[in-house]
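Here the structure is laid out as structure tokens; the discussion comes afterwards.
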There are 2 protein chains.
Amino acid sequence: MKLSTRGRYGVRLMFDLALNGGNGPVSLKDIAARQEISEKYLSNLIPPLRSSGLINSVRGSQGGYVLGKDAREITLKDILLVLEGPMHLVECAGQPEVCNRSTDCLIRDVWSEVGTRMLDALESFTLASIAEKQKQREEVPSYSI
Amino acid sequence: MKLSTRGRYGVRLMFDLALNGGNGPVSLKDIAARQEISEKYLSNLIPPLRSSGLINSVRGSQGGYVLGKDAREITLKDILLVLEGPMHLVECAGQPEVCNRSTDCLIRDVWSEVGTRMLDALESFTLASIAEKQKQREEVPSYSI
DNA sequence: ATAAATTCCCACTAAATTGATGGGAATTGT
DNA sequence: ACAATTCCCATCAATTTAGTGGGAATTTAT
Ligand code: SF4
Ligand code: SF4
């Protein structure tokens, strides 16, 4: 039940874009440097993010990436669904046919319910809401002695 | 973000015990037959369940397993924590020291929050509550034509 | 024009986790 | 004695995840 690095890094990539994407496209190189993640690895996450419309790209020198829509409209659920696929806790939740017990199985209902609650939690966070908290934290003066 | 078979099978094992454990110990062989899971595989799940007190065992002929406490007091969270270890979505949630960014990382707070909500959902299901629903379903006459 | 920066797309290898099985000793009821 | 059963060791196979490589295409800057 751990989130893979794919999902974790992907969220950090998107969050970095939300924070630093104000003035034109941001290059992967910059993101990788700030987040201390291999640029090569991050590049694997780009195609799905792009094809799902969560980011747009600008090719060529001085190119990079920008958010595909307003940061207030991008939730963690959106990002993770794109990078990790349908996040059912169990396969039978999405595809009953994988198990011949599925019609009578109550435990299946339970997994579905828990999965729904998890997705709801993920959906309640937007890039904008996280970024806002981040700024608040940075504003607070840390009364130096 | 999928639950491993270890956790899924473990829950079914425990659920089977809750349903059929009324009259003395239930053998693994029986559970494996009813649940259509390899007895050998299930036997791997026993030691942690036993050492955590979720089940008790009776050795020898006519032996088997019984729930370690009342089915109303065993939640899915209990079972999964024992079988899957601490279910943090990210390692840094439980061990901040694994990442040098953890002190300032807001995303970490997010993962912790989502993880908590998931565990809360799991905690809201007890073996007894699931078993009750199962019985209700079986009682409902399926108006045969 | 040329060079530099950058996305883009292919594929491949290595590492870690998970799933599944095997064999035999110890215990207990019949 | 015998059969049923837990118990504990260990090993192998399959799958998934993490991480790397190389080079073509595109655009800006000089
Ligand atoms: S036994 Fe139930 S929960 Fe498990 S795979 Fe089958 S339908 Fe799903
Ligand atoms: S970057 Fe943040 S979320 Fe990721 S491991 Fe470090 S502290 Fe945790």
Side-chain angles (χ1 to χ4, degrees), chain A residues 1-10 12-13 17 21 23-33 35-52 54-66 68 80 83-91 98-99, chain B residues 1-13 17 21 23-33 35-52 54-68 80 83-91 98-99:
Chain A
M1 287 279 276
K2 258 189 312 187
L3 200 59
S4 68
T5 53
R6 186 176 167 87
R8 297 204 317 275
Y9 287 2
R12 284 168 66 187
L13 189 166
L17 265 186
N23 334 307
V26 182
S27 77
L28 249 197
K29 189 179 168 189
D30 289 351
I31 299 177
Q35 299 294 326
E36 300 174 282
I37 303 175
S38 145
E39 179 182 351
K40 199 66 193 166
Y41 189 85
L42 284 182
S43 75
N44 290 325
L45 313 182
I46 295 291
L49 289 173
R50 201 164 72 96
S51 66
S52 68
L54 290 179
I55 61 177
N56 291 324
S57 64
V58 180
R59 301 188 66 169
S61 179
Q62 310 303 314
Y65 302 95
V66 291
L80 292 178
L83 292 175
E84 309 247 349
M87 296 207 298
H88 293 119
L89 287 186
V90 293
E91 280 189 35
V98 299
C99 179
Chain B
M1 286 280 277
K2 258 189 313 187
L3 199 59
S4 68
T5 53
R6 186 176 167 87
R8 296 203 320 272
Y9 287 1
V11 166
R12 283 168 67 186
L13 189 166
L17 265 185
N23 334 305
V26 183
S27 78
L28 206 49
K29 190 179 165 190
D30 289 351
I31 298 177
Q35 300 294 325
E36 300 174 285
I37 303 175
S38 145
E39 178 182 353
K40 201 64 194 166
Y41 189 85
L42 285 182
S43 75
N44 290 324
L45 313 181
I46 295 291
L49 290 172
R50 201 164 71 94
S51 66
S52 67
L54 289 179
I55 61 176
N56 292 324
S57 64
V58 180
R59 300 188 65 168
S61 180
Q62 310 305 312
Y65 301 96
V66 291
L67 289 182
L80 291 178
L83 292 176
E84 309 247 349
M87 296 207 298
H88 292 120
L89 286 188
V90 293
E91 280 189 35
V98 299
C99 179

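In this text the structure is predicted, and so the values were computed from the model without any measurement. Labels below follow one simple rule: chain letters A, B, ... track the order of the sequence lines, proteins then strands, and each chain is numbered from 1. Both backbone and side-chain heavy atoms feed into the values below; hydrogens, waters and symmetry mates do not.
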Starting from the 5' end of DNA chain C, give me the residue, A:Gly63 or A:Met1, whose nearest nucleotide shows up first. A:Gly63
Per nearest nucleotide of DNA chain C, the residue lying toward the 5' end, A:Leu28 or B:Arg8, is A:Leu28
Output yes when at least one side-chain N/O atom of [X] is less than 4.0 Å from OP1 or OP2 of [N], else no.
X	N	value
B:Thr5	C:dG19	yes
A:Ser43	C:dT7	no
B:Arg50	D:dC7	yes
B:Tyr41	C:dG19	yes

Proximal nucleotide (of [options]) relative to the [X] side chain:
X	options	result
A:Ser61	C:dA5, C:dT18, C:dC8	C:dA5
A:Ser57	D:dT17, D:dT6, C:dC8	C:dC8
A:Glu39	D:dC7, C:dT7, D:dT6	C:dT7

Going from [atom1] on [X] to [atom2] on [Y], what distance comes out if it is rounded to the nearest 0.5 angstrom?
X	Y	atom1	atom2	result
A:Arg8	A:Ile37	CZ	CD1	9.0 Å
B:Leu3	A:His88	CG	NE2	13.5 Å
A:Leu49	A:Leu42	CG	CG	10.0 Å

In this structure, how many angstroms lie between the [atom2] atom of [N] and the [atom1] atom of [X], rounded?
X	N	atom1	atom2	answer
A:Asn44	D:dG22	CG	P	15 Å
B:Gln62	D:dT6	CD	C1'	13 Å
B:Tyr65	D:dT5	OH	P	11 Å
A:Leu17	C:dT7	CG	C1'	14 Å
B:Leu42	D:dT5	CG	P	15 Å
A:Tyr9	D:dA18	OH	P	8 Å
A:Lys29	C:dC8	NZ	P	17 Å
A:Leu45	D:dA18	CG	C1'	11 Å

On DNA chain D, more 5' by nearest nucleotide between A:Gly7 and A:Lys40 is A:Gly7
Kindly say whether, by distance alone, the side chain of B:Arg59 makes a donor-acceptor pair under 3.5 Å with the base of D:dT6? yes
Are A:Leu89 and A:Met1 packed together at the side-chain level, in the sense that at least one heavy-atom pair is separated by less than 4.5 angstrom? yes
In terms of side-chain geometry, is the basic nitrogen of B:Glu91 or A:Lys2 positioned less than 4.0 Å from the acidic oxygen of its partner? yes
